[in-house]
Amino acid sequence: MDKVDKFSEEQLNAFVDGELDSDEKSRVFNESQRSQELDQRLCQQRKLKELVKHAYLDVPAPMRRQDLRGRQGGFWRSAVAASVLLLLGVTIGFYAQEFTGQHYVVRGSESGLVSVESVSHPVVGGRKYILHVASGQSEDMFLALETAQYLLDSAAPGQVNRVEVVANESGLNLLRSDVTPFANEIQLLQENNVVFYACSRTIERLEEKGVEVDLLPDANHSFTALDRIVLRMKDDWEYIKI
Amino acid sequence: MVGDTIFGLRQRRTFKKMVGSARTRLYRMAYAWTHDPYLADDMVQQTLCKALNNQRQLRDMAAADAWLFRILANCLKDHYRAKREVLLGDDQVRVEYVTPETQTQEQQLVDSVRLAVSRLPLAQCQVITLVDLEGFTYAKVAETLEIPVGTVMSRLCRGRAALRNTLLDAKSQLPTEQAGTVTRIRQIRENNG
């Protein structure tokens, strides 16, 4: 390895990175005052370090397919479809982003009037669970549903536990209408307010391979599994991996 | 029964906070290692999933950084292995950074650095970026990549020498523009040196 004024490249790197002990640091510093070559090399090292840092200050983020679909009108088509349902007098309830701890219920009437109610959480003290299913094994999927039911049943008197199920990787089979053996069980859980999420990233990957992914009714696919899990965990939901 | 971890309540909250705040840093690092936004995002997703699933392995929150970035490094290693794009030879070329067609002068500088970094062997790239982007000490890099400190220092030396020759040598030229799609991985080999 080349040496500059008796110091190895490793020593010079360590000096620039603050890894030398004080004695050795002083030696390098003192020598750099005397040696223009050493001083120049140290400047180069520092400049290189700053160049690397600068080059990655802003890094490009990936454009997700769901963003592109939204731009192409897919999201808006869904929104229009939802509005049509309301105008036809179908009463639906859905939950908006719950950053504030509130949730919103949209009610439609036969007259077509739509009201949006902001309601506080219906219970105090109910626990919140997010189950993560990444396995397509039947016993694992069954366990996930059993666990979801158990969590609902185990609520304290007067309280209601909230449960979400997030499926990704091969666990997505749980929510694929052409594959899942548990469509009826899932429907029953959904009627008891268990919300199911299909990972949008897993869906993208399958579609890239030419696989057509049809989900069960009301299976949400607006998030990646991780996004949903992290979002919920930030809000003190308990994470359970099946 | 369900979901109980061995962490106390304070540790659980700290862990969740840590995972949430680490995402941006992990993505920056993954991008610096791959120069592929989609692959970087995938790697971060896998990393955080593994971290969430294996949080019981993390006994000391002070080691969380090294632990997370280690998971990231291993995810990338597994990814390359799965692609089985390993050829014989000492050269190791990963995905080359593609410079956009229209560049400001400042962007040219950024692009030249990224191109130079993308041409480094992965092992050297990882050491340099962990030190320069995350400010890891050599000991922390060694812990993260599970290599001796001496290896950290030698990889840093080689990598920075290569960057210096490319970026600071008066005779070097900025990379020419490369239009079109990303050049896929041509050769990958774990470089221990």
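Note: hydrogens, waters and symmetry copies are ignored here, and every other heavy atom, side chains too, is used. In what follows, chains are A, B, ... by sequence order, proteins preceding strands, each numbered from 1.
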Which value, rounded to the nearest 0.5 Å, describes the distance between A:Asp17 atom CG and B:Leu156 atom CG? 5.5 Å
Does any heavy atom of chain B fall under 4.5 Å from the side chain of A:Leu131, the backbone, both, or neither of them? neither
Pick whichever of B:Met153, B:Arg28, B:Met29, B:Glu106 has the most heavy-atom pairs under 4.5 Å with chain A. B:Arg28
Is chain B contacted by the side chain of A:Glu19, its backbone, both, or neither, given a heavy-atom distance below 4.5 Å? side chain
Point-to-point distance, once rounded to the nearest 0.5 Å, from CG of A:Leu48 to CZ of B:Arg160: 7.0 Å
Using every non-hydrogen atom in the two residues, find where A:Pro60 and B:Arg114 come nearest and quote the distance to one decimal. CD-NH1, 3.9 Å
In terms of heavy-atom pairs under 4.5 Å with chain A, which of B:Leu48, B:Val131, B:Leu133 leads? B:Leu133
I would like to know whether A:Asp227 and B:Arg23 meet side-chain contact (heavy atoms from CB on, under 4.5 Å); could you show each step before the answer? CA-CA 11 Å; A:Asp227 283 344; B:Arg23 187 171 188 170; 2.7 Å; yes
Counting heavy atoms not belonging to A:Glu212, are there more than 12 under 6.0 Å from its CD? no
Portion of A:Ala134 that has a non-hydrogen atom of chain B nearer than 4.5 angstrom: neither
Indicate yes or no: at least one non-hydrogen side-chain atom of B:Leu167 is less than 4.5 angstrom from one of A:Lys47. no
Exceeds 12 heavy-atom contacts within 6.0 angstrom, atom CG of A:Asp58: no
Would a 4.5 Å heavy-atom cut-off, applied to side chains only, mark B:Leu109 and A:Leu51 as touching? yes
If you count heavy atoms of other groups shown closer than 6.0 angstrom to CZ of A:Phe142, is the number above 12? no
What pair of heavy atoms forms the shortest contact from A:Ala61 to B:Tyr27, and how long is it? CA-OH, 3.5 Å
Do B:Tyr138 and A:Asn13 come close enough that some side-chain heavy atom pair is under 4.5 Å? yes
Determine, for B:Asp132 against A:Lys49, whether the closest basic-nitrogen to carboxylate-oxygen distance falls under 4.0 angstrom. yes
Mutual orientation of the aromatic rings belonging to B:His35 and A:Tyr56 [parallel < 30°, tilted 30-60°, perpendicular > 60°]: tilted
Below 4.5 Å from any heavy atom of chain B, which atoms of A:Gln45 appear? Answer side chain, backbone, both or neither. side chain
Does some side-chain heavy atom of A:Lys53 sit less than 4.5 Å from a side-chain heavy atom of B:Val113? no
Less than 4.0 angstrom from a charged side-chain N to a carboxylate O is my criterion; do A:Glu9 and B:Arg164 meet it? yes
